[in-house]
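Step one of this worksheet: look at the structure below.
Both counts, for ligands and for their atoms, begin at 1 and track the order of listing. Quick caveat: nothing in here was measured; it's all calculated off a predicted structure.
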Amino acid sequence: MTAPSRTGGQILVDQLTLHGVDHIFCVPGESYLAALDALHDANIAITVCRQEGGAAMMAEAYGKLTGRPGICFVTRGPGATNASPGIHIAKQDSTPMILFVGQIERGMREREAFQELDYRAAFGPLAKWATEVDDPARFPEIVSRAFHVATSGRPGPVVIALPEDVLTEMAAVADAPRYQVIETHPGLTQMAELQKLLHGAKNPIALLGGSRWSELAVQRFVRFAERFELPVACTFRRQMLFPADHASHIGDLGLGVNPKLLARIKEADLVLLVGGRLSEVPSQAYTLLDIPVPQQTMVHVHPDPSELGRVYAPHLAINASPIAFTAALEAVHPPASLPWSEGTKTAHADYLAWSDPTAIRHAGALQMGEVMTYLRKTLPSDTIFCNGAGNFATWVHRFWPFKHYGTQLAPTSGSMGYGVPAGVGAMRIRPDSPVVVFAGDGDFLMNGQEFATAVQYDLPILVILLDNGMYGTIRMHQEREYPGRVSATMLRNPDFAAYANAFGGYGERVTTTEEFAPALQRALTSSKPAILHCIIDPEAITPTMSLSQIREKALAGKK
Ligand SMILES: Cc1ncc(C[n+]2csc(CCOP(=O)(O)OP(=O)(O)O)c2C)c(N)n1
Ligand SMILES: [Mg+2]
């Protein structure tokens with residue numbers, strides 16, 4: 001049978017449909033009208049956004065939540081450069097994503113035509129693969145490859161430029177088959193070696209990170225941890241990989257980490273690192289384990305062979321996805337006695353003490369320890385927490401007990417402005433899960449415009465915006481390094497409650513602990529996207545150290 005003749009835009013959208021795409025995030029542009037036209041009749045939901053940075057972060061959040069590539073469409077030049085933070089997040093966070101970018105007509109290339117950009121050059125180092133389509137007949141091949149590249153090995157972002165005339169040109173070409181996720185399984189001998197190492201260990205520890213997990217993979221790892229009474233920590237912003245209330249959970253390896261957890265990892269004789277890279281933040285600036293050869297016996301499990309031996313030379317390297325590895329763990333058996341099991345109990349108790357918000361007191365009338373205690377009592381455990389970067393995020397990371405896979409959206413890349421778009425993206429695809437966005441005053445306004453998208457699609461995300469009138473994290477670093485010399489870190493803020501109202505959402509200003517709970521209840525009953533504008537004392541820069549204490553300590557050190 002001969003293939004029907006279709007426009008490039010139609011062929012492209014037909015490929016998306018057959019690869020299972022059910023949602024795209026976009027800001028429109030005249031450069032890809034033919035693709036938008038084909039989307040008009042496709043069974044694909046569209047979220048139209050206010051800025052490409054927000055659209056790309058929503059697509060990245062989709063990829064994080066589903067394990068399938070998040071799809072984003074933007075226009076050429078400024079549309080593409082605006083989308084670049086989402087690409088960087090997908091790269092660092094190992095998230096499958098595909099960004100389609102409009103492009104000038106083929107015949108105008110190299111003249112620096114209107115909004116012309118060389119996408120291979122601009123996105124080459126940022127993305128896992130960046131390319132441009134030259135012929136509409138090649139859409140089936142190139143889109144299929146994009147899905148395979150985005151999801152295989154260490155997942156990541158793909159960028160595909162779409163010349164305007166390639167989208168309008170007709171071609172007769174057959175569709176590609178639906179892509180398959182390329183699974184990477186551990187070998188029997190490797191699993192036997194792992195069992196041998198575990199049987200010889202006195203003090204093992206597991207660290208979980210990366211992507212290519214699933215709810216089932218987490219359940220399997222929980223069963224393995226139970227059989228071995230193994231202590232398990234999650235790495236930076238990967239807390240949803242192991243339930244915080246489980247007896248084997250011993251905390252997370254992020255910023256402002258529990259010193260007892262660090263000590264325990266240093267004292268371990270076997271480190272089982274599953275899925276992650278143990279990069280700068282979890283490795284505490286590469287000080288936690290020796291490089292290249294850790295003193296501990298290291299077993300590194302990663303879906304991408306190029307990450308194995310990249311920084312650490314593991315004693316046992318297993319090239320497998322967490323999904324396949326955890327399936328194989330079912331056949332690994334514990335030794336007759338578990339000399340570390342008392343240590344696991346102590347480590348879990350240390351975690352519980354460290355993450356107890358009730359003991360926390362800091363400056364100001366609004367006490368975050370009490371706020372977190374209230375949230376722990378009130379919010380359902382399947383609430384999806386989203387945040388960008390700033391000291392405000394500590395309240396979530398340290399004090400919210402993540403219990404389920406798929407409840408944490410936070411960039412390991414430390415990108416500000418992620419929380420609101422991630423929350424919008426999450427609620428678009430999981431409309432029945434409560435979504436809470438934690439944001440700082442600096443962080444919020446980097447993509448606060450997507451609050452309008454939440455209003456447009458009736459998504460009642462709840463933004464808890466902690467306003468301390470500054471880029472607090474940087475101020476904290478300033479006080480440490482250059483005490484008393486405040487430079488470019490102060491902010492004069494708008495009335496964020498009025499902002500929420502002006503957008504058609506619900507907004508309230510919260511200045512005391514007593515005001516928080518009733519304001520939260522009113523926000524929830526409004527059923528609208530809501531912002532609680534919480535005024536935080538600038539002194540309350542960390543749960544335990546005030547800004548003045550940090551400055552005084554630094555000044556004392558300089559004397
Ligand atoms: C896109 C981006 N720009 C700049 C930074 C550097 N940075 C990290 S935290 C921070 C300040 C965050 O301020 P805010 O959101 O108000 O949170 P706070 O630290 O005050 O709680 C800045 C500027 C970053 N991580 N990402
Ligand atoms: Mg701030």
Original post:
Is the backbone of G507 close enough, under 3.5 Å, to the side chain of H533 for a donor and an acceptor to pair up by distance?
Top reply: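 Not at all, since once roles are kept as given, no pair shorter than 3.5 Å links the two residues.
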**Study point:** Main-chain N/O of E307 paired with D304 side-chain donor or acceptor, under 3.5 Å
**Key:**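 Not a single qualifying donor-acceptor pair exists.
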Mind checking whether the Mg ion (ligand 2) has an N, O or S of [X] under 2.8 Å?
X: N391; answer: no
X: Y471; answer: no
X: D443; answer: no

task: Go through the steps for Y32 and F100 under the test ring pair (Phe, Tyr, Trp, His ring centres under 6.0 Å), then give the verdict.
output: CA-CA 9 Å; Y32 69 94; F100 291 97; 9.4 Å; no
Who gets closest to [atom] by heavy atom: [options]?
atom: atom 19 (O) of ligand 1; options: D467, T473, N493; answer: T473
atom: atom 20 (O) of ligand 1; options: G390, G472, P85; answer: G472
atom: atom 2 (C) of ligand 1; options: H477, M416, R475; answer: M416

*Assess the pair H249 and W354: is the distance between their ring centroids shorter than 6.0 Å?*
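Judged by ring-centre distance (under 6.0 Å), H249 and W354 do not meet the cut-off.
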Under 3.5 Å, is there a donor-acceptor pair between the [X] and [Y] side chains?
X: E539; Y: S546; result: yes
X: R428; Y: T47; result: yes
X: S433; Y: D382; result: no
X: T75; Y: S31; result: yes
X: R68; Y: Y62; result: yes

Top protein contact for [atom], by heavy-atom distance:
atom: atom 21 (O) of ligand 1; result: F392 N, 3.0 Å
atom: atom 8 (C) of ligand 1; result: I474 CD1, 3.9 Å
atom: atom 14 (P) of ligand 1; result: G442 N, 3.6 Å
atom: atom 16 (O) of ligand 1; result: D441 OD1, 2.5 Å

Under 4.0 Å from a heavy atom of [X]: give me the atoms of ligand 1 that qualify, with their elements.
X: G414; answer: 24 (C), 25 (N), 26 (N)
X: N391; answer: 18 (P), 19 (O), 21 (O)
X: A389; answer: 12 (C), 15 (O)

SB check [X] [Y] (cutoff 4.0 Å):
X: E30; Y: R76; value: yes
X: K558; Y: E481; value: no
X: D93; Y: K64; value: yes

- [ ] Have a look at ligand 1 and work out which part of D443, if any, has a heavy atom under 4.0 Å from it: side chain, backbone, both or neither.
- [x]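 Both backbone and side chain.
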Q: Consider ligand 1: state whether an atom of it lies below 4.0 angstrom from any non-hydrogen atom of M446.
A: yes
Determine whether any heavy atom of N468 lies closer than 4.0 Å to an atom of ligand 1.
yes
Restricting D441 to its N/O/S atoms, the closest one to the Mg ion (ligand 2) is OD1
- Close N or O approach (S415, ligand 1; < 3.5 Å): no
Should L491 be counted as touching ligand 1, given the test is an N or O pair under 3.5 Å? no
